Amino acid sequence: MKRILVTGGHGLLGREIEEAFRRRFELRVTDRHECDVTRLSECRREIASYQPEAVVHCAGYTAVDRAESEPEKAHAVNAEGTRNVARACRENGALLVTFGTDYVFDGTLPRPYREEDPPRPLSVYGKSKLAAEEAIREEGTEHLLVRTQWLYGPGGRNFILTILERARTGGALRVASDQTGCPTYAKDLARAVLKLMDAGGRGTFHFSNEGETTWFGLARFVLERAAPGSPNLLPSATRDLPYPAPRPAYSVLSKEKYRGITGESPRPWQDAAGEFLETIRRGGLSIP
C-alpha cells in the first residue's frame, strides 16, 4: 500500500481524511505534538523517516477573527508552516496535498470564483492563506491545492454545531444575511481529494458542495430540521455583528474544473447538511 502522511490529523478535516484514506493507504496521522509544522526540522524528520508518496497537509490556523489580533501566529502556522511542509516534500520527492480558502478573494465578482481569478484577501487570515499558496509555488513542490469554504463536520467546531448549541441556550439568534457562499461537508471534501488524486490532479482546484446560500439561510435550514420551535432567528448585516475580520460578501467557488477532471459533480449542500444533521439526530454525534 502507498504511504500517506497527514498533518493536523486530529482536526475537523484531518479526521475525515483519515476515514476516507485508511482503507486504501498506509497512513501516519500526526498532529502538533508529533509534527509542529512551524519547525522545519520536525517536518523534515517526519517526512524523511516515513518516506510517504504524499503528504496531506491539514494543519492550519483557522481562527478567522482571532487572527486580526495575532497576525504573526496566523502567518507562522499557515504561511511558514506550509512552506516548511512543502520544502520537506520537495526534498523527499513527495506530493503535497493541501487546502486553501475562499477568503483569498474579496467577494466583488458577480459569479462563482474560478481558480485563475486574481486573489485579493480582505482579512489577516485570508492573507496568511494566500501567502501559503505563494510559498508552495516558490518552493517548486509538486502539489495539489484544494480551495474550499464554510467547512463543517463532526471532528471540530463549526457553524452548524454552534447554531445548534446557541439554539439550546434560548434568546434571539442574529446571523449574517449578506454573505453568500456554499457549505462544505468535510466528508465530501475528503472524498473529493481522493478523486482528484486518482485523476492525477495537480495545481489548484476548487471544491465545495453545490449551490449557494447565506449564513442566515444555512442557519434557517439547520434549525427547521434539527431544532423546530427554537428561538427567533434574525437576519443581520455583517457590519452589525461583532466580528473583527472583514469577509467577502460573495465567495461561491466554481467547481467547473473539478467536474472536468473527475467527471463528477458535488452533491447539493442541502443533501450533505441534511445527512450531517441526521447523523446528529441518530446519536452519532453529541452536540458540545
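Please read these numbers as outputs of a predicted model, since none were measured by experiment.
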To the nearest 0.5 angstrom, please state how far the [atom1] atom of [X] sits from the [atom2] atom of [Y].
{"X": "E70", "Y": "D65", "atom1": "CD", "atom2": "CG", "answer": "11.5 Å"}
{"X": "L223", "Y": "L164", "atom1": "CG", "atom2": "CG", "answer": "6.5 Å"}
{"X": "D31", "Y": "R15", "atom1": "CG", "atom2": "CZ", "answer": "8.0 Å"}

### Task
Kindly write out the residues that satisfy salt bridge (Lys or Arg N to Asp or Glu O under 4.0 Å) with R87, not counting sequence neighbours, or none if the list is empty.
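Per chain and number, R87 pairs via salt bridge (Lys or Arg N to Asp or Glu O under 4.0 Å) with E139.
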### Y185 ring center near W269 ring center (under 6.0 Å)
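So the answer is no for these two rings.
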Transitive ILVMFWY cluster of [X], excluding itself - 4.5 Å side-chain cut-off:
{"X": "F105", "result": "V104, L109, Y113, L130, L253"}
{"X": "Y250", "result": "V252"}
{"X": "Y61", "result": "V77"}
{"X": "L241", "result": "Y243"}

### Message
List the residues meeting ring pair (Phe, Tyr, Trp, His ring centres under 6.0 Å) with W215, not counting sequence neighbours, and say none if there are none.
### Response
W150, F159
### Task
Not counting sequence neighbours, which residues clear ring pair (Phe, Tyr, Trp, His ring centres under 6.0 Å) with F207? List them please.
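Result, ring pair (Phe, Tyr, Trp, His ring centres under 6.0 Å) vs F207: Y258.
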### Task
Measure from the side-chain N and O atoms of Y152 to the backbone N and O of F276, and report whether any donor-acceptor pair falls under 3.5 Å.
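No.
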### Query
Backbone N or O of A172 within a donor-acceptor pair of the N232 side chain at under 3.5 Å?
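Flag not set: sc N232 to bb A172 has no pair under 3.5 Å.
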Sequence-distant partners of [X], side chain to side chain donor-acceptor pair (under 3.5 Å), two or more places apart:
{"X": "E68", "result": "none"}
{"X": "E134", "result": "none"}
{"X": "S49", "result": "none"}

### Task
Mind checking side chain to side chain contact (heavy atoms under 4.5 Å, CB included) for T30 and listing every partner two or more places apart, or none if nothing turns up?
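Listed in chain order: L5, T7, R28, E34, C35, E46.
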### Task
Search all heavy atoms of V29 against all heavy atoms of E18 and return the closest pair with its distance.
CG2-CD, 3.9 Å
### Query
Among the clusters formed by ILVMFWY side chains lying less than 4.5 Å apart, do L27 and V55 turn up in the same one?
no
### Task
Scan for ring-ring contact (aromatic ring centres under 6.0 Å, His included) pairs involving residues 31-55, sequence neighbours excluded, and state none if there are none.
none
### Task
Report yes or no: is the cationic atom of K257 (NZ for Lys, CZ for Arg) closer than 6.0 Å to the six-membered ring centre of F205, at no more than 45° off its axis?
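Verdict for F205: a cation-pi partner in K257.
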#### Entry: Flag if over 12 foreign heavy atoms under 6.0 Å of CD, E256
no
### Message
Check this for me, if you would: do D117 and R111 make a salt bridge, where the nitrogen-to-carboxylate-oxygen distance has to be below 4.0 angstrom?
### Response
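Result for this pair is yes, salt bridge flagged.
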### Query
Under a 4.0 Å N-O cut-off, is there an ion pair linking E264 with K255?
no
